[in-house]
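Here the structure is laid out as structure tokens; the discussion comes afterwards.
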Amino acid sequence: MRLEPDTGDVAFRLRAREWLAENVPRERPPHEGRPSRDHATAWLARCHKAGWSGLAWPEAHGGQGLSPERLLIWYEEYVRARAPSALDCTFVALNHAGPTLIACGTEAQKSFHLPRILEGRSIWCQGFSEPGAGSDLASLRTFGRIEGDHLVVNGQKIWSSYADIADYQELLIRTEPGSRRHKGLSWVICDMNLPGITVRPIRNMAGVSHFAEVFYDNVRIPLSCVVGAVNDGWSVAMTTLAFERRTAAIALQLELSVKIEDVIALAGAVKGSATAERLADLRAEAAALRAMTYRTLLRPPATPFDGSLMRLVFAELAQRIHQAAIDILGPDALVNGPWTHDYLESYSETIAGGTAEIQRNIIAERILGLPREATG
Amino acid sequence: MRLEPDTGDVAFRLRAREWLAENVPRERPPHEGRPSRDHATAWLARCHKAGWSGLAWPEAHGGQGLSPERLLIWYEEYVRARAPSALDCTFVALNHAGPTLIACGTEAQKSFHLPRILEGRSIWCQGFSEPGAGSDLASLRTFGRIEGDHLVVNGQKIWSSYADIADYQELLIRTEPGSRRHKGLSWVICDMNLPGITVRPIRNMAGVSHFAEVFYDNVRIPLSCVVGAVNDGWSVAMTTLAFERRTAAIALQLELSVKIEDVIALAGAVKGSATAERLADLRAEAAALRAMTYRTLLRPPATPFDGSLMRLVFAELAQRIHQAAIDILGPDALVNGPWTHDYLESYSETIAGGTAEIQRNIIAERILGLPREATG
Amino acid sequence: MTFDLTLSEDQRQILDAAHAMLETNYPVERFRDGRAAAPGTALAEFGAFTLALPEEDGGAGFTIVEEALLHEAIGRHLAGPFSLASPLAVRMALMAGETGLAASIAAGRTAVCAGVDTAHGALLLEPKGAAHAVIVSDEGIRMTALDGIELVTETPMGHGQPLGRARLPSPGGTDERFPVLVPLASLLVSAQLLGVARGALELAVSYAGVREQFGRRIGSFQAIKHHCANMATGIEMLSAQRDMAAIALRDRRPDAAFQIAALARLAPRIAVLNARLCIQIHGGIGFSAEADAHLYLKHAHVLAALVPASDLLSLPAPLAPTGKE
Amino acid sequence: MTFDLTLSEDQRQILDAAHAMLETNYPVERFRDGRAAAPGTALAEFGAFTLALPEEDGGAGFTIVEEALLHEAIGRHLAGPFSLASPLAVRMALMAGETGLAASIAAGRTAVCAGVDTAHGALLLEPKGAAHAVIVSDEGIRMTALDGIELVTETPMGHGQPLGRARLPSPGGTDERFPVLVPLASLLVSAQLLGVARGALELAVSYAGVREQFGRRIGSFQAIKHHCANMATGIEMLSAQRDMAAIALRDRRPDAAFQIAALARLAPRIAVLNARLCIQIHGGIGFSAEADAHLYLKHAHVLAALVPASDLLSLPAPLAPTGKE
């Protein structure tokens, strides 16, 4: 067990710090729509030009192939410099679609899409959840009928972030008639400009529309857009699990260590006061979350489900840090300042990507081996 | 909605206060065994002599027939005077067995047992739980076979408080062969001196033995000891639910309002400190528990299951008040002083009489009407 | 019985009437179909702002116990903070001898908004059209005319109900701060928070009873059940304490300040927690602005800002022990 | 890789050996069959008290990282507080130049107990037979000879492990208080608390997997599952932070004090919570002294008392922001 930066690591950290200090945009990024896309793609293009795009991607595919320690160093400097949230409209492309294509895509798919993603020229959204299947992906019903060399897709997706400004969607649909659960699904690259697609943005409780519903009315997608084999979509969807520990989620986790410092500064709490004690607890937990982030990258997971531990700790800590900020602000929190906005956004942490309740079930059943629930 | 003591109420309060000031024993009662029995029965006998026994029992059965307001006044004065905990070895007789006999007993049963209970001459224990059926009474297996005019009982009970020093037990057993769930049970008065009964005290985590296991090896109980009809024991067990709101549990609930004052005095916390804020929260909750206690006595319940709300709030508040005391004591809490002892005892609050988890299920299903759980 | 916590026939009638009036004029759906800014006139016409005033002051002759029951219903319908400001404003106008103003507010002709002092000026909640503001501060409650006051519009939490910021004239002596109204303000705002907490539970329970996931209604999952049970216990504590505090204040009992302070300490926490759990139980749709869940949360925060400060630990406890150490 | 958080082959071996030794000499069942007061000799023979000392001081040449790993295992077996006091005592003896004493403690010939200063004298934990006590106080750690000290026996929490109270001589200057050992003491006691937390989880999970109620194994109920999941997340946080803090202290990194203080803040809370949940999951038997659940709780309280005070908020944070406001 060691955390011993060599001279290369130290130089890398300084280089990252200097570049970020000079290049991080000073303004708070727009929350939604075209302005948010323009801001995010401009920032990614700038990163790409300086060699900071696709950090965890293999060099063979245009990435930087950073080692785990360099990834940690980069993201630590990234959040300390208050660079734009990694969870912007480029997130899905860089951290999910790209790695999936690298793992399972054809040469044609890779050579077309990967450069566009890295340079911020194409934005992707996810098309997994459906209205009847929030956290239960196995019950997907959106269907793609094979007609010649096309899939004809009908159905509906929901909670598709940035679908209104995306160029492509990673679409998980049922393609085998009568199939059930995880079988008979396909993972498809869906061009969002195809006829028959309707996007309806959903305003969230923070007043921002980055989610959307997407409706598919006889949308014809060439079979060449299927990634991996037809009807083998579940295993394609699972391949990115291995990449998951190296995504920009690292930035979100480390960012809480910066956020808690901001709350501590905001509070200026007297030693021993209830607020000071509360903030000390949160500071300790943010430190532990950082330690967990290190562990995630620097030690093989004990089970494939360890991500649920991270997800749960992160989600609840993010909420509690923002709750503390709101309480400290008092009545001023009624004004929609950055803390208030982020507080409201933090409500999604225990919902999106599997609710906190589902993470607890996974931890109990898959990590601890408790008996599965009775199904009625 | 009114809480307007009339002159009779005021005089009653003063009389109670004066009597308690002169008569409450100054020493902390012994925790277990014969000394605890002797202490409890001496105190009850003294109460009885002065007309303070069987407060909620009908006058026709030797009780005081107190109105709800007088009960509240009495118990408020009782806890303020730091009178012995109502949850001593006389509790089951006064608050459960007695009321059950009044509701369902024969004249012979009543005339024999009720005076003994009121005067502290006989101690009762409960025989409901079994090793395989902690919170699940419907799965009882201890069996009483009818032989002539006797029941021949074989089986085992557990968590029977004070069984080692009790004269009688309220015993709920299966008497109809092959019966299931709530059917085929009988409610029986069991003389604890009968041959074939073995009592094994169970030491609890506070180091005290007031629980016991009871083993029945061909114990012959006269059929005349069955209360209500044979095989109708479940409905007998349910009759006391109506009495439940008027038991000495009132004292336990109100006592938390005294305990939190003691913790506040113990802490001497600086205003605004984390400890002060924590204690203010607990004080507010103790006030609310008192308000709930008033409501329970002075308003008909909305459902027969409202007791679970009280039980849950009480249990968790009792634990949190004791946890606060322990934290305030710091290392001195390692010494088994009264706070430490009571802290350890408080762990039973969310377990005994239906765990906190079961209370939450009852609240959700029976009060809120959420769908029953799938059973696997 | 000298003690009785059941609703009297009168109380039941006034509550039934209030619920009907609120359901008609302030259905929670109004936030979705653009009727969010329902005027205060329906409440005024109902007599909500003068319910507990004597008949000679134009009131209905009820007591603050009934008023506290009414404010739970008002809170449940997420009526704007004007509903809290107006009955306080009527009282302040009367106490200041301005009977004409009192009558005008009572009748809904003069609109009053609520506000709270902050380090950066007073924050006014839904100030549009209001002629006066009722301001809660650490020193007490006061009323200020808004005539000629410059109002800076602020974006409210989650783009909810409008907010304005204003530099208001500093209050004069104690008589302009009406400390006598502070306990009443605490009682009414806490009662509204109770209504919010109850509304959030009802919404959560009804959703959990129909929404299916993994082939089952989500309300059959223990985790959801236990969230709901926790919401219910909070409501039980808060509503019992509301009754205790309202009666103590009405009857000028010596423990009134204690009971009110305990109530005010519980109310914001329970309302925010229930709203949070309601969102969580709804899952994705709960995080959207399309379901109503988020409205309860924002409303809980608005009301929480209007709870006057109190120091519960400094007050004598009604059950302070008498006996041996 | 310059960064690596996997166990080295050496670390794995020492841990395997430690587990085997502890399982033989300190099985948790010993509390039930009367072997509770297992002597410290097995630990001494294992070299537990000198694991991280250089070989010239009679140590095994490992580092405090391995020592922290070992103390998790020790905590999991609920070894007495002597196991914490002894490695600190060896170091204090060496620092004071008393090499004979150090060797004697290291070999298990001289017994050392742990203790904590209180307002009513020092509280000594399992003092029987101990020649010296290692005392934790707000000012630091110190060692005191118990020769000639009068010990008043105190009844311990829940009639657990023996306790004594003593008036000890006041410590002299800083050099007698060994402030340099405070971070190490925090690390080791926190690691033991982690072991307690993990033992409580393992006990709870194994019980929940077999105990049946309502016709099902209780581990299939979501409420029980979620209790266990909460225990697991606490352990994950605590063990990750333990590694971070141990490495920082070993390598004298500038953030060592911060990492240790964060660890010490988390450890008692998580250990007590896990023990509490373990009792709750056991139901009635968990509240009895017959199951092991309560042992974890009492042990957590004992260790929590031995965590040196620290002020996390006063320390600079390693991820303090560098960028724009």
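So you know, we letter chains A, B, ... as the sequences are listed, proteins then strands, and number each from 1.
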Has [X] got more than 12 heavy atoms of other residues, nucleotides or ligands less than 6.0 Å from its [atom1]?
X         : atom1 : result
Arg181(B) : CZ    : yes
Arg269(D) : CZ    : yes
His120(D) : NE2   : no

Using non-hydrogen atoms and a 4.5 Å limit, figure out which bit of [X] sits close to chain B: side chain, backbone, both or neither.
X         : value
Val302(D) : both
Leu125(D) : side chain
Ile279(D) : both
Ile285(D) : both
Arg165(D) : side chain

Can you tell me how far apart [atom1] ([X]) and [atom2] ([Y]) are? Round to the nearest 0.5 Å.
X         : Y         : atom1 : atom2 : value
His159(D) : His341(B) : NE2   : NE2   : 7.0 Å
Arg203(B) : Phe287(D) : CZ    : CZ    : 12.5 Å
Leu297(D) : Leu344(B) : CG    : CG    : 6.5 Å
Met157(D) : Trp339(B) : CE    : CH2   : 13.5 Å
Phe214(D) : Asn361(B) : CZ    : CG    : 8.0 Å
Asn204(B) : Ser288(D) : CG    : OG    : 8.0 Å

Options [options], ranked by heavy-atom pairs under 4.5 Å with chain B, top entry:
options                         : answer
Ala305(D), Pro268(D), Ala289(D) : Ala289(D)
Ala223(D), Ala291(D), Gly284(D) : Gly284(D)
Gln280(D), Glu154(D), His282(D) : Gln280(D)

Identify which part of [X] has an atom lying under 4.5 Å from any heavy atom of chain D, answering side chain, backbone, both or neither.
X         : answer
Thr340(B) : side chain
Tyr347(B) : both
Ala206(B) : backbone
Ile326(B) : side chain
Glu345(B) : both

Checking Gln323(B) against Arg276(D) for the side chain to side chain contact (heavy atoms under 4.5 Å, CB included) test, could you report, in this order, the C-alpha distance in whole Å, the side-chain angles of both residues, the deciding distance, and whether it holds?
CA-CA 11 Å; Gln323(B) 284 161 7; Arg276(D) 184 170 81 68; 3.5 Å; yes
Where do Pro331(B) and Val116(D) come nearest, in terms of heavy atoms and distance?
CB-CG1, 3.6 Å
Is Lys298(D) reaching over with its side chain to a backbone N or O of Leu334(B), donor-acceptor style, under 3.5 angstrom?
no
